[in-house]
Structure formats: C-alpha cells, structure tokens
There are 2 protein chains.
Amino acid sequence: MENEIERIPILRVSDGNASRIEDMVAREFPLTIILNDQEMVTLLCSPVNLDYLAVGFLYSEGFLQDSDEIKRVVVDQQRGVARVEVEGNEELSSDVLFKRMITSGCGRGASFYSATDITSQKVESGTQISPAEVRSLVLEFQHRSSTYRATGGVHSAALSDTGSIQVFSEDIGRHNAIDKVFGQCLLEGISTNGKVVVTSGRISSEILLKVARRNVPIIVSKSAPTDLGVKLADDLGITLIGFVRGKRMNVYSNDWRIADSG
Amino acid sequence: MENEIERIPILRVSDGNASRIEDMVAREFPLTIILNDQEMVTLLCSPVNLDYLAVGFLYSEGFLQDSDEIKRVVVDQQRGVARVEVEGNEELSSDVLFKRMITSGCGRGASFYSATDITSQKVESGTQISPAEVRSLVLEFQHRSSTYRATGGVHSAALSDTGSIQVFSEDIGRHNAIDKVFGQCLLEGISTNGKVVVTSGRISSEILLKVARRNVPIIVSKSAPTDLGVKLADDLGITLIGFVRGKRMNVYSNDWRIADSG
C-alpha cells in the first residue's frame, strides 16, 4: 500500500480552527504502455501492479486476444514504462491507432456497442447470487480497500465467486482498477467465467464492455449505473446490481440470477 | 434535467423483500466532436449543453486558444455530432493527433505538466476565501445538483466568485462537467480570472491543468486530490481545498488565500 500513498503537510480547518497536520493522498503516476516497440497510451494510475494494468488495458482495448500471445512483460517503474511483447509484430499505423482511440476508447472516448471492432457476445452462465451473498461480498470488498480508507482517493475492483474475493485491485482510475483485475487473471491463468465483478465505481458502457469481454455474468457496485450501462447489461445477458448499501440494492437487468434465500 | 435522465424498471431488494419499481438513471450519450471537418474525439457524456462541452473540450486540449477564434458551433443532437469551426483551416495529421492523444490527454491519458505543448503559467490572483464562504458555496453547489440527487450517477462543476455560483454544469464525466463550465464561459464571455471552481470529483493533475489554463486561483471539492494534483496546485499558485464536509475541510496548497473570519 505504501507505494500508492504520499504523505503531505496540509492545513486542516475544522469548525473555524486551523491546524497544520500531515495527511495521506493517493499517488498519481504516468505509465506509458509500449506494445512491440509501439507507444500505445500513457495512463495516469496508482503505481502498483503495473504489469497487470498494461496487460489488462491491452486486452480491454482489443490489442490482445489471449494470454497465450504474451511473450514478455517488462515494467520499468523508474521511467514509468511497461513493455509488452506479443506474438506477431505488425506495426499499426498512427492512422489506425487514432481511429481506434476515437471510436473505441481511451477512457473519455466511447467503446461502442455497435462498433464493428468490438465483439460483444452474450454472456452465457447459470450463476446465481442471493442478496445475502451480495451484501457479504460488498462488506469484504470494503474491508479490503485499505488505500481508499487511507486517502479517499482511489477506486477498487475485485473478481470473486459468489462466496469470496479472489482478485482485488485499487487504482485512482475506475477503468484501471478493473483492467488490473483482468490483467492479473490473464497473467496468472485465473478463470473469469461465471464469476462476479465488484467495483466501487459507476457502471457505464465502457465498464460493461470490459466485463462482457471476460464473460463475467454479474457485476456489483455501491454506485449508480448509466442508462447505456443498463441497456448493454440487458442485451449481453449480464446481471447489473447497483447501489448496494446496507440491506438494500437495485437490480437493473437479468434479475433471474438473483437467488432467493436472502 | 429531463434530457439527462432515463426512467427504467428495476427490481429493488430491501431487507430481503423484492419489489418492481421505476428508477431514474443518468443518460450516457456518445458525442463526436468535429473541428473544421476533422473528427477529433468521441466523448461519452450527459446529453445537455453539448455546445459548451465541445468548446470546453477543444480549449482544454489546446486545440482552441481563445473564443475569438470560434466562427460557428453547430450541434446535431440527433446524430450525436458537434461541429466547431474556427479561424484557420490547417488539418492536423493523424500522426500529430495520435501523439497528442498519447501525451496530452483524452482523459485516460496524461496531461503532462512537463510536456512542452502545455503552457501552464502560474496563476496570479489576490483572491481570498474564508472557510465560511467555502461551506456556503458547497451547500449552494449541492442544492443545484438536481440530476445527481435524482440518479446518483453524475458529477457537477461550477464557477463562482467567493459569494455565489455563476455557472453550473452536470455530466456523467467529471472532466466533461468542468469542460462544460469553461465552454460556457468562453461562449458567453464570462471571465474566469480570480474566480473559484467547485467540483464534485476528485482533483487529479488533469483537472488542475484545466483550471490553471483558465487562470482560476481556487479549486474546491468534497472529494480527495491526488499527490500530482497537489504538486501542480502548489507550483502553479492555486489554492486546492478538498474534503469539504460539514464544517471541516483540508487545504492542500497556497493556504495564504484562506481568509480568517470563519
């Protein structure tokens, strides 16, 4: 956790009284991802698990189809560079890359449902989850979010089965946190089929497409979804559970996966 | 507000009981911004004030230096396109655009402090603000955030003097909300010098650079900053106030702008 946090002096004003104290803030780190000698993107992220982030990002953006393709991942933390070498060595033209960035991503951009280069197959899984299991997962999730508790400045994401968390990540970006989880799964051969993704962030279309690409049938958040997130979840066979707070939650799509008992 | 919200049927689970109700979620809309016939980016945003967003985005990314340059802004809401025509007509090559996107932005990318194409001059302003004024602004800010109260799924941003809010925007993206505020200021000739920006979102380096570019000396948020956000605020002469909650707030930089009385 230490690497993700910086201690800085601040002025705290409380009820009219000011005092100089030390506070902890989340670190923000620029990471340049290079795929086969080609610079792809510079992400602002939390400086931990950068290999997972690089691989997860390349997978989410469609530059990587399977972990078998990966020959090597080298992270130079000093220089803020992650190099990923994959099978095949065709260099993409700037023209192609820019078009991709416009139509498919880069966070602010749109990952279009209808875009021809995004293959969003319907998620097929009979996994069900009870409200009690959802609550229990969210409690475990919050318990694990130590950088968030220290700084209030990061997002978390996790992969779990219906019982407990298997992979957990924190990052200043909600997209990055999920990419780190999937990057770890790819590098360590952890299956995501039939699993649950928990996120602290809002569920927009881009988040939904990441999850669909990994064949994950259930996504859970304490935050809100967007209408496009719900529409995609509906169409892609994903159960979207939002606003999990205390004993309450909203199920926005495919609610047949909600088991009784709870 | 209606345009930013979609009503959808959901299953609400509360304390073990499930009921089908109608809920409101924030709309997510893809807007393609075209500058002098050249496609620049597709943003996912809330479908309101798209002219402000297009102009604010182009300004933040450095494609526009001043409102004088703008010849025409045409928004086609049906097709999700905003066309901005400016003086001069040089087309940028995909190569240049892609390099820009990598090094300077596009949300997930990094707006580098040290990058040569970002001119971050120190903000010169004698504006001061008291803790009581900060609290009062944040209360007014929360009161205005009607889409947030309805959906929990959007960010807000505002421009104010130390007394009250002058320009207010909501958007599903925290970058977009601030770009909308500055876009409106540019199109309507509202000065941002010596003003205060209030945001619901976390204060990262990219947010700081947007604010510095408009010569705004004070930024206020109920959320956390990152270490890079604090460093930039420090260096660029901006007073960064975070975690404004109740009668408490943290001042992370240039605290000489905090006036007594409160």
Side-chain angles (χ1 to χ4, degrees), chain A residues 6 8 10-16 18 23 25-30 32 39-44 93-95 97-99 101-103 105-110 112 131 151-153 172-173 175-176 202 204-206 223-230 243 247-252 255 258 262, chain B residues 6 8 10-16 18 23 25-30 32 39-44 93-95 97-99 101-103 105-110 112 131 151-153 172-173 175-176 202 204-206 223-230 243 247-252 255 258 262:
Chain A
E6 182 80 20
I8 55 169
I10 68 160
L11 184 73
R12 171 159 296 160
V13 180
S14 185
D15 225 347
D23 194 31
V25 297
R27 282 187 65 200
E28 180 182 355
F29 181 85
T32 299
E39 201 174 317
M40 303 301 287
V41 74
T42 297
L43 302 178
L44 293 167
S93 72
S94 290
D95 197 57
L97 283 173
F98 182 63
K99 283 280 171 215
M101 286 295 173
I102 282 185
T103 54
C106 180
R108 265 193 89 130
F112 287 127
T151 67
I172 55 164
H175 297 88
N176 294 344
R202 288 170 303 130
S204 54
S205 58
E206 294 169 294
S223 299
T226 64
D227 72 329
L228 211 48
V230 174
F243 279 110
K247 292 196 164 180
R248 207 164 131 169
M249 64 195 68
N250 293 341
V251 186
Y252 292 89
D255 57 26
I258 304 299
Chain B
E6 182 80 19
I8 55 168
I10 68 160
L11 183 74
R12 171 160 295 162
V13 180
S14 186
D15 225 347
D23 195 30
V25 297
R27 284 187 64 200
E28 180 183 355
F29 182 84
T32 298
E39 202 173 316
M40 303 301 287
V41 74
T42 298
L43 302 177
L44 292 167
S93 73
S94 290
D95 198 56
L97 282 174
F98 181 64
K99 282 280 171 216
M101 285 297 173
I102 281 183
T103 55
C106 178
R108 265 191 89 130
F112 286 126
T151 67
I172 55 163
H175 298 88
N176 293 345
R202 286 169 304 130
S204 55
S205 58
E206 294 170 293
S223 299
T226 64
D227 73 328
L228 211 48
V230 174
F243 279 112
K247 293 196 164 179
R248 206 164 133 168
M249 64 196 68
N250 293 342
V251 186
Y252 292 89
D255 57 27
I258 304 299

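In what follows, every chain begins at residue 1, and chains take the letters A, B, ... in the order their sequences are listed. Values reported hereafter were calculated over all heavy atoms of this structure, with side chains retained and with hydrogens, waters and symmetry mates removed.
- If you measure heavy-atom distances from B/I172 to chain A, the contacts under 4.5 Å come from both the backbone and the side chain.
- When heavy atoms are compared at a cutoff of 4.5 Å, B/S204 approaches chain A by way of both its backbone and its side chain.
- By number of non-hydrogen pairs under 4.5 angstrom with chain A, the leading residue of B/T151, B/I258, B/D255 is B/D255.
- Going from atom CZ of A/R27 over to atom CG of B/D227 covers 6.0 Å, rounded to the nearest 0.5 Å.
- Listed options A/I8, A/V25, A/N250 were ranked by heavy-atom pairs under 4.5 angstrom with chain B; first place goes to A/N250.
- Of the atoms belonging to B/R202, it is side-chain heavy atoms, and not backbone ones, that fall under 4.5 Å from chain A.
- The contact between A/F243 and chain B is made entirely by side chain atoms (from C-beta outward), counting heavy-atom distances below 4.5 Å.
- Under a 3.5 Å cut-off, the side chain of B/E206 and the backbone N or O of B/H175 do not form any donor-acceptor pair.
- Considering every non-hydrogen atom in both A/A26 and A/G153, the closest pair reads CB-O, 4.0 Å.
- Take A/D23 and apply the side-chain hydrogen bond (donor to acceptor under 3.5 Å, both in side chains) test, not counting sequence neighbours, and it matches B/Y252.
- Note that CD of A/E28 and CG of B/L228 are 4.5 Å apart. Values are rounded to the nearest 0.5 Å.
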